[in-house]
J.: 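If you scroll down you'll find the structure; I have some questions about it.
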Amino acid sequence: MSSSDERGLFTRRSFLRWSQSAMALLGAAPIVGVGTASKAFALPAASNSADDYYAKLGVETIINAAGTYTYLTAALMPPQVQRAVAQAALHPVRLKDLQQASGEYIARKLRCEGAVVTSGASAALTLATAACIASANGTKPDQIPENVDRMKHEVIVQKAHRYEYDHAMLICGVRIVEVVTLDDYKRAFTPNTIMTNFFNSSESGEIDRKTWLDVAHQHNVPCHMDAAADMPPIENLWKYTGMGYDLVCFSGGKGIRGPQNAGLLLGKKHLTDLAAANNNPNSDAVGRGMKVAKEQIVGMVAAVDWLLEQNDDALEAEYMRRVDIIKQAVKDVPTLTASVNIPEVANHVPHLMLTYDPKVVGISPKQVQERLRQQRPSIELNPATGSSGRFGTLSTENTIVIGTWMLQPGEAEIVGQQVRAVLLHPKP
Ligand SMILES: *Cc1c(COP(=O)(O)O)cnc(C)c1O
C-alpha cells in the first residue's frame, strides 16, 4: 500500500472515529450521507472533538467486520436513536413512569401483551425466571434467591440447550433439570416445575420449539425463549410470542441496534408485570443491579421505532452490497473462493466466507485476523475466522469470515483493500 493510500485511510479513519463517537446535538445536526449507503446507515455530523473520550482515554476505535458481538460493543445506534438518547438526557423523570410507559408502548408495537425494557437479554432471562418463581409460588421479590430452594424452583432445559446464560437463571436460586428425549421431557414435569427455557438458535436438541411449548402448556408451565440474537427477520419480534411462548427475550444492542445495555422481555402481561416487580428501582430485588438508565430506556424504544421503519429485504441488500465490494477487492487472490453464508436463526444476515489455500497464499486466516487487528485502522474479523465447525460446515481453518452488517459507510471498501493487501503481501 502506498503512503498516499495510507494517508487517505487515516484521514477517513479519523473522520469515522470523530463522527461515530460524537453525539448529534438534539437533532440540530444535519445527517450526512456517505457514499451510496442508504440513509438509515448515515452518520450524524460530528460535534466538538474535545468530546471525543475514546481519543482522550486512548481507547482505539475499530472497524467491526465481525458482527454484533458483546465484546466488540455490539451495534452502533442509528442517528435517530442517538438523538433520542441525547434528548432524554436533558430531563429527569420518575423511573417507574418511564418503565411502565415504555413497556406498554413496546408491547403495542411488537404485538404482545406486556413488555419490559431490561438491561439486556441476559437480565431479561433473570427477570423472566424471577417472574416464573413468583407466579408459581406467590413469592415476594425480597425472597429471591435466599428462600427459593424451599419453594417450587425447577426449570426444565434440554441438555443441548445448556449454555453460558444459565447463570442468568441460576442467580435466582433455581435448579436446572436437564432432559434429552421427548419422553424425558414429559416425565420431567413435577409439582416443583416453574418454567422451561428454550435456546432458540441452538442447532442441537431433539425437541423442536413447537413440541417444547405444547408439552409445557399441557402442564400449565410457562415457557421462556431466549431469542437474543434472532432478529432479523423483524417479524421474529412477534413470531414467538405469537406462537404462544409466554416470555421471549431479545438483546437490545444486537440486530435491533438499540443501546448495548438494553434488551427486551416480551410476553404475557401477568408475567411481565411480575418481572417488573423484581426489577429496579426496587432495592430488595434480584433485578436491582440490572438498571437501565432513562437514556437507554428511551434509546430502546427509539430503536424499536427505527427498526419498524426498516425492511428486511432492503437491509439485506445493503449487507450484500458490502459483501460484493469486499469480494471484488480480493477476486485475484490465488486459490481463493468466495461464498455467502446466512446462518439459519441467530445472526441471520449475509456473511462473506473467503476460503483459500494458506500454503499457496503464504498466510493463514488466523494470521490475517491478527495482522488486521494490529494495523491501523484496526479491523476485527468474525471470530469464526480460521476455525472449522462454526457456521455449519462452511467454515474451515482455511476460511476468513466477514460479517458486513455492522460496517459503517465507507468501511467495506477499507476492509476489502486491507484483506487484499495482507493476502497479496503476506510478509509484513
Ligand atoms: C447475546 C446473547 C445473550 C445476552 O444478551 P445481552 O443483551 O448482552 O445480555 C443471551 N443469550 C444469547 C443466546 C445471546 O446470543
Side-chain angles (χ1 to χ4, degrees), residues 64 66-77 81 102 106 110 115-130 155 157-172 176 195-205 209 212 223-233 236-237 239-240 245 247-267 275 278-280 286-293 295-297 299-301 303-304 307 342-349 351 380 382-384 390-391 403 405-406:
N64 180 354
T68 60
Y69 294 92
T70 300
Y71 68 97
L72 300 176
T73 64
L76 289 182
M77 296 181 282
V81 178
S102 58
I106 288 172
L110 300 183
V116 182
V117 175
T118 67
S119 65
S122 188
L125 179 52
T126 301
L127 295 178
T129 308
V155 179
V157 177
Q158 297 192 65
K159 191 172 186 335
H161 289 199
R162 296 295 309 267
Y163 63 170
E164 57 268 50
Y165 300 102
D166 286 341
H167 289 284
M169 296 185 282
L170 293 169
I171 59 175
C172 292
I176 291 176
M195 167 188 176
T196 71
N197 186 40
F198 192 89
F199 174 20
N200 192 46
S201 65
S202 171
E203 281 160 15
S204 37
R209 63 173 76 83
W212 184 260
C223 287
H224 176 269
M225 170 186 282
D226 181 341
D230 306 347
M231 195 302 302
N236 280 2
L237 292 173
K239 177 174 157 186
Y240 301 120
Y245 270 83
L247 290 166
V248 179
C249 74
F250 288 95
S251 271
K254 294 182 180 170
I256 303 175
R257 297 188 60 191
Q260 191 188 7
N261 59 342
L264 296 174
L265 181 65
L266 308 174
N278 283 277
N279 199 10
N280 66 84
V286 72
R288 176 60 180 88
M290 302 172 187
K291 196 193 299 161
V292 194
E295 294 84 358
Q296 276 70 49
I297 294 177
M300 188 71 247
V301 177
V304 167
L307 188 69
I342 301 182
E344 190 86 26
V345 182
N347 304 309
H348 181 68
V349 289
H351 290 71
E380 275 291 332
N382 187 281
R390 318 246 318 239
F391 288 104
W405 63 325
M406 292 298 126

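Just so you know, ligand 1 is whichever comes first in the structure, and atom 1 is the first atom listed for that ligand. Positions are given from 1, in the same order as the sequence printed here.
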J.: To the nearest 0.5 Å, what is the distance between CE (M169) and CG (L125)?
T.: 5.0 Å

J.: Which residue supplies the protein heavy atom nearest to atom 3 (C) of ligand 1, what is that atom called, and how far is it?
T.: Y165 CZ, 3.3 Å

J.: Measure the CG-CE distance between L247 and M195 for me, rounded to the nearest 0.5 Å.
T.: 7.0 Å

J.: Against heavy atoms of G120, which atoms of ligand 1 measure under 4.0 Å?
T.: 7 (O), 9 (O)

J.: At a 4.0 Å threshold, what atoms of ligand 1 neighbour a non-hydrogen atom of F199?
T.: 13 (C)

J.: Nearest to atom 8 (O) of ligand 1, what protein heavy atom do you find, and at what distance?
T.: T70 OG1, 3.8 Å

J.: Answer side chain, backbone, both or neither: which part of Q260 comes under 4.0 Å from ligand 1, heavy atoms only.
T.: neither

J.: For atom 11 (N) of ligand 1, which protein heavy atom lies nearest, and how many Å away is it?
T.: D226 OD2, 2.7 Å

J.: Rounded to the nearest 0.5 Å, what separates atom CG in L76 from atom CZ in R257?
T.: 6.5 Å

J.: Taking distance alone, with N or O pairs closer than 3.5 Å, would you say A229 contacts ligand 1?
T.: no

J.: Once you round to the nearest 0.5 Å, how far does NZ of K159 lie from OG of S204?
T.: 11.0 Å

J.: Would you tell me whether N197 and Y165 have side-chain atoms, one donor and one acceptor, within less than 3.5 Å of each other?
T.: no

J.: Relative to ligand 1, is A228 under 4.0 angstrom through side chain, backbone, both or neither, heavy atoms considered?
T.: side chain

J.: In terms of the angle between their ring planes, are W212 and F198 parallel, tilted or perpendicular, with boundaries placed at 30° and 60°?
T.: tilted

J.: May I ask you to identify the nearest protein heavy atom to atom 9 (O) of ligand 1, giving residue, atom name and distance to one decimal place in Å?
T.: S122 N, 2.9 Å

J.: Starting from atom 15 (O) of ligand 1, what is the nearest protein heavy atom, named by residue and atom, and what distance separates them?
T.: K254 NZ, 2.8 Å

J.: Looking at atom 5 (O) of ligand 1, what's its closest protein heavy atom, distance included?
T.: S251 OG, 2.9 Å

J.: For a quick check under 3.5 Å, do D230 and N236 share a side-chain donor-acceptor pair by atom type?
T.: no

J.: So, taking the atom named CG in N64 and the one named OH in Y69, what distance separates them when rounded to the nearest 0.5 Å?
T.: 9.0 Å

